[in-house]
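What follows is a single structure, written as structure tokens, with notes after it.
To find a chain, count down the sequence lines: A is the first, B the second, and so on, and within it residues start at 1. Both backbone and side-chain heavy atoms feed into the values below; hydrogens, waters and symmetry mates do not.
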There are 2 protein chains.
Amino acid sequence: MVETTTGTRTENCAGLPLYERRPEGQDKYTISEVATLTGLTAHTLRWYERIGLMPHIDRSHTGQRRYRNRDLDWLDLVGKLRLTGMPVADMVRYAELVREGDHTYAERFDLLKSTREDVLARIAELQDTLSVLDRKINFYADAGQALASERAS
Amino acid sequence: MVETTTGTRTENCAGLPLYERRPEGQDKYTISEVATLTGLTAHTLRWYERIGLMPHIDRSHTGQRRYRNRDLDWLDLVGKLRLTGMPVADMVRYAELVREGDHTYAERFDLLKSTREDVLARIAELQDTLSVLDRKINFYADAGQALASERAS
DNA sequence: CGCTTGCTTGGAGCGCACTCCAGGGTTTTA
DNA sequence: TAAAACCCTGGAGTGCGCTCCAAGCAAGCG
């Protein structure tokens, strides 16, 4: 199978991925299963690992990756942070803090709080943009009305 | 002056740019003035023009750009759209529609409306992310509490 | 007049986040 | 057991949005 994001993906009526997580204990996924579950490509998953964005990923006896539920949880978080526009390098930094252990709690806390502020700021920006957009949309709606009544007269 | 965004920029106490727009009729700005007003670099302004993102910009008798208030308005809109994550190519498309004249009103309207939908979706995503972030922040706050009381005992 | 500063152009370069390739080994299916 | 599908690695390539460079013209100042 050619590696792709847009390949055959089983979906339910709501368009949500149907592939389900396996219960704790039997949670072993190949890279392409994780690609299906996360929407990332296998390429990207390997690349995330290379740059240090992932925790240690288990391997099968022949060296193939076997992801577990906690890895999916991590990828969910990464996906969310990516949506906020956080640079990958910053996420790598956070991943490093997690790997370094409990004594980095304070730093992680600070990082999360400042990310939170960034997200709030971005939401505010977007709402500002939304109002500009609405003004313009109203303008065009009015202009459309004017043109229509012109044609009608 | 070396071209930069972070150079000397006059600011008021609120950190807002103090450079003011000139009244209609005397509204002529050099490229570096526009850079100051918009926060873009002169490089970027010229690049925007090259790729077709700008309307026609007036020139002085020696060929230097002389921006006008309407150009600043346009750059404000571009800045807002950029914040939504809209690709520059799409903004160029919008600019083309504006240049093509009144008969593109309908298409511009549609473009604005679908952009509006995108912005709403992004806001929803960010709010979702925010709640994940808040859960994690609470977790770390609790963990911090636990560590503190451990040290106290 | 020379000096500094700013503006002009086409084209090259950069950083980010992937995205893909070559060449090989493994696993599943018919 | 053989073909098809999948997985591995290091490294090269891509697209976007700038960002900068070289070489030259122009305006203001002492």
Check your understanding: Within the distance-only criterion (no hydrogens, no angle test), does the side chain of B:Thr44 pair as donor or acceptor with the backbone N or O of B:Leu40 below 3.5 angstrom?
Key -> no
Exercise for review: Measure from the side-chain heavy atoms of A:Trp47 and tell me the nearest of C:dC7, C:dA17, D:dC7.
Suggested key: C:dA17
Point to revise | Strand-adjacent residues in residues 73-88 of chain A, judged by heavy atoms under 4.0 Å from DNA chain C | key: A:Arg82, A:Pro87, A:Val88
Review point. With no hydrogens and no angle check, is any side-chain donor or acceptor of A:Glu33 less than 3.5 Å from a backbone partner on A:Thr30?
Key: yes
Check your understanding: Can you tell me how far P of C:dT26 sits from CZ of A:Arg66, to the nearest Å?
Key -> 13 Å
Check your understanding: For the hydrophobic clusters of this structure (ILVMFWY residues joined by side-chain heavy atoms under 4.5 Å, transitively), does one cluster hold both A:Phe109 and B:Leu133?
Key -> yes
Exercise for review: Compare the minimum distances between each of C:dC7, D:dC21, D:dC8 and the side chain of A:Gln64, then state the nucleotide with the smallest one.
Suggested key: D:dC8
Review point. Who are the ring pair (Phe, Tyr, Trp, His ring centres under 6.0 Å) partners of B:Tyr140, not counting sequence neighbours?
Key: A:Tyr105
Exercise for review: Output yes when at least one side-chain N/O atom of A:Thr41 is less than 4.0 Å from OP1 or OP2 of C:dC18, else no.
Suggested key: no
Practice item. Using the closest heavy atom to pick a nucleotide of DNA chain D for each, name whichever of B:Met91 or B:Thr62 lands nearer the 5' end. Key: B:Met91
Exercise for review: Would you indicate which nucleotide in C:dT19, C:dT27, D:dC7 comes nearest to any side-chain atom of A:His43?
Suggested key: C:dT19
Practice item. Go through residues 48-59 of chain A and report each residue with a non-hydrogen atom lying under 4.0 Å from DNA chain D, sorted by number. Key: A:Arg50, A:Arg59
Check your understanding: When we call it a touch if two heavy atoms are under 4.0 Å apart, what does B:Ser60 touch: a base, just sugar-phosphate, or nothing?
Key -> nothing
Exercise for review: Applying salt bridge (Lys or Arg N to Asp or Glu O under 4.0 Å), run through B:Arg93 and B:Asp110 and close with a yes or a no.
Suggested key: CA-CA 12 Å; B:Arg93 174 73 190 133; B:Asp110 293 348; over 6 Å; no
Exercise for review: State plainly whether the residues A:Asp71 and A:Lys28 are in salt-bridge range, i.e. N to O under 4.0 Å.
Suggested key: no
Exercise for review: Answer with yes or no whether the hydrophobic clustering places A:Phe139 together with A:Leu130; edges join I, L, V, M, F, W, Y residues whose side-chain heavy atoms lie under 4.5 Å apart.
Suggested key: yes
Check your understanding: Would you say B:Thr104's side chain and B:Glu100's backbone share a donor-acceptor pair under 3.5 angstrom?
Key -> no
Review point. Run the side-chain hydrogen bond (donor to acceptor under 3.5 Å, both in side chains) check on B:Tyr29 and B:Asn69 step by step: do they pass?
Key: CA-CA 9 Å; B:Tyr29 309 86; B:Asn69 281 338; 2.6 Å; yes
Point to revise | Rounded distance in Å - CG (B:Leu40) to P (D:dT19) | key: 9 Å
**Study point:** B:Leu45 CG - D:dG17 P separation (whole Å)
**Key:** 16 Å
Check your understanding: OP1 or OP2 of C:dC7 sitting under 4.0 Å from any side-chain N/O of B:Arg65?
Key -> no
**Study point:** Distance, rounded to the nearest Å, where A:Arg46 contributes CZ and D:dC7 contributes P
**Key:** 7 Å
Practice item. Find which nucleotide of DNA chain C each of A:His61 and A:Thr44 is nearest to by heavy atoms, and output the residue with the more 5' nucleotide. Key: A:Thr44
